[in-house]
Amino acid sequence: MSEHEPTPTPELVTVKIDGKEHQLPKGKNLLEALLDLGEDISYFCYHPGLSVAASCRQCLVGIRGSMVPSCQTTVSDGLELESQSPTVLDARRQMLEFTLVNHPVDCVICDKAGECTLQRHYMDWDGKPSEIDHEKVEKPKKVDVGREIVLDAERCILCSRCVRFCQEIAESPDLVFEYRGNHETLTTAPDRRLDNSYSLNTVDICPVGALTDKDFRFKIRVWELYATRSVCNGCAAGCDTEVHHRDGRIYRMVPPKDWDMNLNWMCDDGRRTYKSVAAQRLTRPLVDGEPAELDAALAAIKERLEPLLAQDRGAIGVVLGADASNEDNFMAARMAYDFLEAGHVYLADSPDNGLGDDILRRDDPNPNRAGARGCARGDLGSSEDLARDLADHKLEALYVVGDRLDLSDETLGQLRGLKLVVVQASEPSRLTDKAHVVLPAAKWAEVHGTITRTSERAKRDLSASRFGRMRPAVEPPGMARPHWDWLKRVGAVLGVTVEFESAHAVFQEMKKQVPFFAEAQWGGKIPTVMLRFAGRRG
Amino acid sequence: MPARTKVVTVKRGLWENLYLPEIVRGLGVTLKHFFINTLGPKSKRQIVTIDYPDVVRELPERYRGVHRLNTREDGSVRCTACMMCATICPANCIHIEAGERENPASRDIEKFPQVFEIDELVCVVCGLCVEACPCDAIRMDTHVHMPPVEHRKDAVLEKPELMSRGTKSIAVDGGAGPDWRDKYTDLGSLTQIYRPDHIERDRERPARR
Amino acid sequence: MGEIVIWALVKIAILFGFALNLSAVLTWMERRQSAMMQDRMGPVKANISGVTLWGLLHPLADALKLATKEDFVPPKAHKAIFVLAPLFAIAPVVMVFAVIPFAPPVCLKQLTAIAPRCVAPEHMQIARIDIGLLYVFAIASISVYGAALAGWASYNNYSLLGGLRASAQMLSYEITMGMALIGTFLVFGTLEPGELVLRQSTIAKWGIVQQPLGFILFFFAAIAETKRAPFDLPEGESEIVGYFVEYSGARFMTFFLGEFLEIVFVGCMVTTIFLGGWQAPGLAADGLHIFGLDLQLPHIAVVGLGLVTFTIKVFIVCFLQLAIRWSLPRMRYDQLMRLGWKGMLPASIINVIITAAVVLWMSSPVKG
Amino acid sequence: MYGSDRLRSVSAPELDEGMPTEEMVLNVGPSHPATHGTVHIKLWLDGEQVTGAQVNVGYLHRGFEKECEAHTYGENFPYTDRLNYVSPMLNNVGYALAVEKLLGVEAPERAQYIRMIVGELARLCDHLTYSAAQVAEMGAFTPFFYAIKARDFLWDILEEISGARLTHSYVRIGGVAADMPDGWVERTLATLVQVETVIKEIDTLMTRNRIFMDRMQNVAVFSKEEAISHGWTGPCLRGSGVDYDVRKDYPYLFYDRLDFEVPIGTAGDNMDRYLVRMEEMRQSISMIKQCFDQIPEGDYQLHDPRITIPPKQQSYNTIEGLINHFKIVVDGIEVPAGEAYTYIEGGNGELGFYIVSDGTGRPLKCRCRPPCFMLMTALEKLLVGHMIADLVPTFDTLNMIGGECDR
């Protein structure tokens with residue numbers, strides 16, 4: 001992939017496809033060129049992000065009477081080819097028949113069924129009943145090949161996408177083929193397991209159900225799922241993702257199919273972040289550790305904060321969250337600077353973990369540290385600063401947005417001495433135990449909003465903006481609400497009326513007021529769709 | 001054969017206007033039924049009511065009754081939780097939760113339904129689930145219709161109850177091997193080759209991605 | 001004196017036992033008969049420890065059920081009238097039974113004698129009134145109040161319409177009914193039912209033979225009075241549901257019972273006036289004389305046979321009423337009125353004129 | 001409300017003169033013994049005379065059309081069952097024909113004959129139900145039971161072929177679900193004899209009975225022109241004297257191979273609508289007999305992997321069959337993008353299905369043209385000027401089926 005310099009405009013040459021002339025860029029992969037033309041060509045092993053293997057022979061085209069895999073051919077001047085002629089279709093059908101000869105009758109239990117490329121090609125191009133009259137070759141089933149993955153070697157159609165992925169993208173050659181011919185089997189390389197941090201991508205790119213995700217395995221059939229486009233909140237990279245969910249429960253996260261932000265890849269850890277959404281959550285406001293009604297919680301804040309507002313606004317501290325969206329942090333910052341005129345504004349974040357790599361992942365585990373910084377006017381204190389200020393008794397009240405504030409036991413003990421500690425958090429923690437008022441917050445998969453992502457790719461070549469857009473896949477539990485909404489309500493009881501109907505309204509205000517977000521885009525409407533009817537999958 | 005039209009009408013004359021003749025004629029029909037049904041020979045009586053539940057009507061072979069789940073040779077459930085029935089069900093009355101068999105024998109199917117519930121009150125008895133089952137697991141040929149229940153939850157049939165009506169199935173899923181054709185003599189149109197013009201139709205089909 | 005009271009009580013017991021039981025049986029008969037007409041089975045399930053008696057226990061079950069059902073009074077109904085209306089409907093029907101002669105007069109002292117003659121036989125009739133039939137018309141007219149008041153008091157448009165229909169219909173057909181009977185009075189020359197029966201000693205003297213047109217007119221007018229198909233407009237369950245749409249439980253049962261009592265009463269009236277009452281062909285005071293049979297019977301047996309004859313005749317008339325009810329469609333209000341005023345009333349007047357002329361001619365010296 | 005001017009002309013002026021009357025408003029339905037299928041008719045009454053009427057339909061709206069958009073083409077058959085629920089087979093057939101038109105395929109000849117047979121049986125059921133309701137609601141219960149008895153015999157037959165008495169879900173895209181069972185033809189013919197007897201009995205009991213005639217003749221007269229302008233079709237239109245029957249004028253399936261007569265009325269009153277239906281039943285019986293004579297041997301379903309699921313043994317044992325099975329069930333039959341409208345002669349008239357496909361397995365839009373909705377538009381007109389008692393027979397002759405009208 002060309003990443004830095006702009007590609008020069010390629011020379012266009014005339015290619016004759018099924019008797020019709022087309023102008024195609026010279027030197028381009030023929031399969032890609034045909035697909036761009038809208039030709040419907042079946043293929044298994046080709047993948048735009050991987051090298052060409054031409055092992056499946058499914059994309060055959062007829063050139064001068066012989067069948068050539070188009071993925072291995074480049075566009076050249078005067079090329080004449082057949083792509084939809086009966087002979088070519090028949091050749092492809094025969095290839096498909098070969099592929100099906102040893103494929104087990106497994107659709108009923110195969111997790112890929114419904115988004116299986118083999119199923120799709122059979123329906124699109126074959127449709128003939130079976131003609132086999134010999135035993136299928138038996139290969140190992142249910143092989144535990146890695147931390148996250150189970151291999152069913154019988155289902156494998158030997159396209160080698162996973163092998164190439166491990167070699168080329170993950171740079172960890174974990175998978176190999178062994179034996180030859182009928183008995184060629186996918187297996188792990190000697191002394192290796194499929195344990196690289198991107199291993200689950202092999203499940204996505206597997207055209208059949210040979211590699212399946214242990215976590216997703218047998219949970220639900222893919223066609224029953226609904227897909228919502230969102231952004232991964234696992235690290236600062238902010239990869240685009242599709243959240244697959246049904247009936248308020250998230251089942252998996254996969255990279256979107258369109259060749260975009262993260263090039264169809266996602267890291268294993270990122271895919272598992274959905275679990276935190278269903279984890280133990282705060283569902284009701286707490287006042288002094290006791291569940292309370294919404295109005296009672298807000299009244300408690302008002303009652304305890306108002307004396308302070310009159311006396312010493314400098315002793316109020318506000319903590320922005322590196323896990324909260326841009327809109328949330330913008331609201332928090334506005335409250336801190338414009339209304340409370342707080343003396344101290346901090347940023348709660350988690351320290352870098354050193355897990356970053358050149359592919360997607362970043363060292364910074366906070367999804368939106370950059371966005372929080374962007375909202376700030378001036379420097380933000382760190383959590384060490386917060387601890388110091390607490391030790392120095394500079395604070396009388398603290399308003400924390402987000403779950404990321406991790407304080408030592410000693411500091412937490414000092415929180416007790418404050419007049420008011422308000423925490424907007426989604427999960428119970430040591431901090432919420434100490435807080436006077438806790439407001440339950442919605443998580444990223446439950447809200448609309450944007451985050452600022454810092455992936456290398458975002459900075460370099462892709463048209464996608466630096467701001468990722470989250471869309472709600474599931475309903476927040478109980479009385480949980482988005483941070484911005486809590487801040488609006490707290491503002492309202494304290495006498496500030498901010499008329500924001502939605503996160504979009506907050507976003508527009510933020511874009512107007514904060515130069516950092518001047519080029520941010522809200523992103524189009526991508527409706528939640530049921531995978532069953534989301535067009536042809538596989 | 002072209003259809004023709006026919007004018008239908010009924011004339012009204014003195015006979016009709018007198019009320020009584022037609023009333024008597026009508027009474028003749030009903031009283032004929034009455035006397036045949038009370039005094040007539042048993043063979044001629046026309047009473048069609050069935051003294052249900054003392055007498056139960058013989059249900060036809062295709063009658064769609066309460067569901068049942070078939071079993072394998074070892075007595076375990078045939079269903080593999082593939083969700084075909086739940087997917088095609090227009091009423092969404094089938095609830096399946098899949099599970100993974102612990103340590104299955106080498107080539108056994110490792111997926112099975114942990115929970116298999118059918119809400120017979122929600123069921124519209126269309127029979128599509130039977131048609132959609134690729135394992136011959138679910139069937140509606142019990143010839144039993146859903147008995148009335150006192151509580152709604154009683155109408156939710158669970159796996160043990162569904163399996164209690166099950167029998168061993170002749171179908172072998174998961175690949176019976178190359179001799180599967182010999183096992184079944186009644187293959188019907190199985191070996192029939194599909195329409196020969198499918199290549200042509202493939203070409204005419206609009207391209208899609 | 002005491003004897004008279006006891007006798008009156010006995011007769012009341014017999015007649016009401018007869019009427020009420022017959023109407024209860026009729027509720028079963030109506031369902032079973034219609035079932036047989038319609039190729040169904042009808043009610044056969046009610047049983048006491050397995051004994052079903054062909055479903056004869058159903059009236060019992062129905063009565064129990066209706067009596068124990070919630071007695072609902074619509075919030076906006078006129079409570080007092082709503083509660084009283086069923087009584088207005090049933091009381092007249094019960095009262096009119098008083099004049100029905102259900103058996104031959106009994107000579108109390110000579111029960112076992114053959115063809116006894118006594119000066120003052122005990123008439124098997126609760127009340128022997130000279131103007132018995134006029135009493136019937138007078139009392140029966142009251143029952144229209146039941147329907148009309150029930151319809152009005154229910155505070156429901158449907159029942160109001162039903163009540164209106166009922167009053168119009170019953171008023172119209174009462175006239176026809178009365179006119180149809182005048183011919184009979186002319187022929188028999190009495191208004192006392194017991195006497196009427198005594199005068200129909202042979203089939204040739206039965207009202208139906210002497211007054212065929214009068215019989216048809218009276219019978220259909222009487223069906224119209226009972227508000228049953230094809231004259232069930234006040235009820236018209238598929239149109240206006242009926243004047244008793246708001247009634248439930250025991251009150252509904254009262255209307256229901258009233259309707260069946262009316263059927264029985266029509267049966268008794270038709271039997272008495274046109275079918276010779278308890279008179280049976282061949283049954284004379286001293287025994288049976290039929291088909292060459294001369295059977296001497298004690299007085300008590302003759303009385304018993306008279307009672308049985310009366311019962312059978314009533315049953316047949318009831319059966320006919322039910323058969324008509326289940327075979328015919330309902331008329332429309334205007335058609336009903338047209339039939340009543342323009343069809344049956346003129347016909348009954350013509351009947352009176354002809355009868356009068358014939359009676360005059362027969363009794364005139366010219367003929368003699 | 002319809003026709004407040006009209007009422008002036010119909011109420012007798014001499015009555016209006018001296019009698020102070022008050023208009024009464026009567027709400028008939030939605031829950032009323034005669035409004036089988038829920039419908040609300042608001043009546044303005046002058047005594048017993050209807051001076052104004054307002055018909056409100058929609059109480060049985062189930063969102064059929066929207067529901068179809070959320071399910072695959074094959075899954076929609078149970079929904080079509082519930083349109084005109086006294087003749088579900090006809091709905092099945094109409095819907096299947098629409099989808100097949102869009103697919104550009106035709107079911108095998110045998111399947112089409114089976115569809116004709118079950119369709120005519122369904123029409124018999126429909127008309128029997130109609131005549132049963134017609135007479136029952138006029139108080140004559142015995143013919144009602146005769147008709148219902150005959151309908152039950154027909155249901156027995158339909159149950160035998162489809163597996164369910166009422167909601168058959170028998171027709172499939174590309175054919176029917178199963179072939180005729182053994183001995184079915186003979187049993188059907190025997191049943192038809194019984195049905196014929198019943199039709200004759202109803203005829204004897206009702207048609208020439210003066211009470212019935214009085215109530216049916218010259219009531220709710222609807223002229224040819226009015227009927228056409230209201231979009232009437234089916235027996236009601238023919239009752240008004242218009243010679244239009246889809247089976248005759250635009251033959252579908254193999255109706256052009258059958259010899260039958262289309263009954264038409266003369267006056268356009270309730271009686272004519274009744275007589276047309278009675279005659280149609282006799283014609284249907286003859287049509288079914290002809291179909292049995294003509295039906296060829298052959299397959300009852302197309303064997304096209306894109307339209308029908310493969311035979312069960314193939315699904316059980318071969319990966320090809322299983323994939324085919326899966327894709328048809330999960331993705332549905334992928335109908336080429338486009339739109340199609342088919343119309344058949346349903347129980348109440350022209351039953352149309354208009355389907356728009358975007359090339360996926362479920363319809364983008366599935367519109368049903370319910371014949372009795374058009375009939376119901378005329379009810380207000382028909383009622384004004386008559387009496388309350390005429391409401392029920394008139395409403396019955398229109399044979400409104402809530403499931404179809406409200407969808």
Side-chain angles (χ1 to χ4, degrees), chain C residues 30-31 33-42 151-152 155-169 220 223-224 227-242 245 322-340 342-343, chain D residues 12 24-28 31-36 42-45 47-49 132-150 152-153 194 197-198 201-202 204-207 209-217 219 386-396:
Chain C
E30 163 147 88
R31 283 177 285 172
Q33 184 190 337
S34 62
M36 289 301 142
M37 283 160 66
Q38 295 157 356
D39 296 348
R40 293 185 294 122
M41 222 142 113
W152 179 79
Y155 197 76
N156 180 324
N157 281 352
Y158 285 105
S159 52
L160 178 62
L161 282 170
L164 290 174
R165 282 181 179 192
S167 34
Q169 173 181 336
F220 278 92
I223 293 179
K227 308 186 284 290
R228 284 171 64 83
F231 308 102
D232 59 341
L233 282 95
E235 194 175 325
E237 72 259 346
S238 55
E239 295 160 16
I240 56 160
V241 196
V245 59
L322 298 184
I324 288 173
R325 184 252 178 276
W326 286 103
S327 300
L328 295 183
R330 179 168 45 246
M331 303 184 95
R332 203 170 66 196
Y333 182 65
D334 57 334
Q335 292 161 359
L336 178 94
M337 287 294 136
R338 201 193 310 137
L339 176 66
K342 294 187 181 170
Chain D
M24 178 157 110
V25 177
L26 190 70
N27 285 294
V28 180
S31 177
H32 181 275
T35 58
H36 38 90
K42 194 172 182 183
L43 293 178
W44 283 265
L45 298 176
E48 287 250 341
Q49 208 156 37
Q134 177 77 60
V135 297
E137 270 150 21
M138 285 164 58
F141 253 83
T142 305
F144 165 82
F145 278 104
Y146 294 162
I148 292 300
K149 177 183 75 178
D152 250 66
F153 291 154
Q194 287 173 306
T197 319
V198 164
E201 279 173 347
I202 298 173
T204 318
L205 267 165
M206 288 291 130
T207 309
N209 188 319
R210 169 139 185 219
I211 303 175
F212 185 74
M213 286 173 105
D214 277 350
R215 294 205 56 184
M216 297 293 274
Q217 277 183 334
V219 173
H386 292 294
M387 313 199 74
I388 312 176
D390 289 326
L391 183 153
V392 176
T394 308
F395 179 71
D396 278 333

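Everything quoted here is computed from the prediction, not taken from an experiment. Letters A, B, ... are given to chains in the order of the sequence lines, protein chains preceding strands, and every chain is numbered from 1.
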Q: Determine yes or no for a side-chain-to-main-chain donor-acceptor pair under 3.5 angstrom, with C/Tyr158 supplying the side chain and D/Asn27 the backbone.
A: yes
Q: Which region of D/Val219, side chain (C-beta onward) or backbone (N, CA, C, O), has a non-hydrogen atom less than 4.5 Å from a non-hydrogen atom of chain C, or is it both or neither?
A: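 Interface part for D/Val219: side chain.
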Q: Which bit of D/Leu391 is near chain C, if near means a heavy-atom gap under 4.5 Å: side chain, backbone, both or neither?
A: neither
Q: Does the distance from a Lys or Arg side-chain N to an Asp or Glu carboxylate O, for D/Glu48 and C/Arg165, drop under 4.0 Å?
A: yes
Q: Nearest 0.5 Å, what's the CG-CE distance between C/Leu328 and D/Met138?
A: 11.0 Å
Q: Where the side chain of C/Asn157 meets the backbone of D/Val25, is there a donor-acceptor pair that is under 3.5 Å apart?
A: yes
Q: Considering all heavy atoms of both residues, which atom of D/Leu205 and which atom of C/Ser327 are nearest to each other, and what is their separation?
A: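 Heavy atoms only, the tightest pair is CD2-O, 4.1 Å.
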Q: Once ring pair (Phe, Tyr, Trp, His ring centres under 6.0 Å) is applied, do any residues pair with C/Phe231, and if so which ones, sequence neighbours excluded?
A: C/Tyr173
Q: Which answer fits D/Val135, side chain, backbone, both or neither, if we ask what part of it has an atom under 4.5 Å from a heavy atom of chain C?
A: neither
Q: Give, as side chain, backbone, both or neither, the part of C/Arg228 having an atom under 4.5 angstrom from any heavy atom of chain D.
A: neither
Q: Report which part of D/Leu45 has an atom under 4.5 Å of a heavy atom belonging to chain C: side chain, backbone, both, or neither.
A: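 D/Leu45 touches chain C through side-chain heavy atoms alone.
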Q: How close do C/Met37 and D/Thr142 get, heavy atom to heavy atom, and via which atoms?
A: O-CG2, 3.7 Å
Q: So does D/Glu137 get a backbone contact from the side chain of C/Arg330, meaning a donor-acceptor N/O pair under 3.5 Å?
A: yes
Q: Can you tell me which portion of D/Asp214 sits under 4.5 Å from chain C's heavy atoms? Options are side chain, backbone, both or neither.
A: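 Interface part for D/Asp214: both.
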Q: Could you tell me which non-hydrogen atom of C/Asp39 sits nearest to which non-hydrogen atom of D/Tyr146, and how far apart they are?
A: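 Minimum heavy-atom separation between C/Asp39 and D/Tyr146: OD2-CE2, 4.3 Å.
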Q: With a 4.5 angstrom heavy-atom cut-off, is it the side chain or the backbone of D/Val28 that approaches chain C, or both, or neither?
A: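 D/Val28 touches chain C through backbone and side-chain heavy atoms alike.
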Q: Shortest non-hydrogen contact from C/Glu239 to D/Arg215?
A: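 So the two residues come closest at OE2-NH2, 3.2 Å.
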Q: Using the ring pair (Phe, Tyr, Trp, His ring centres under 6.0 Å) criterion, which residues pair with D/Phe141? Sequence neighbours excluded.
A: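 C/Trp326, D/Phe144.
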Q: What's the separation between atom CG in C/Leu164 and atom CE in D/Met24, rounded to the nearest 0.5 Å?
A: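 Going from CG on C/Leu164 over to CE on D/Met24, the span is 7.5 Å.
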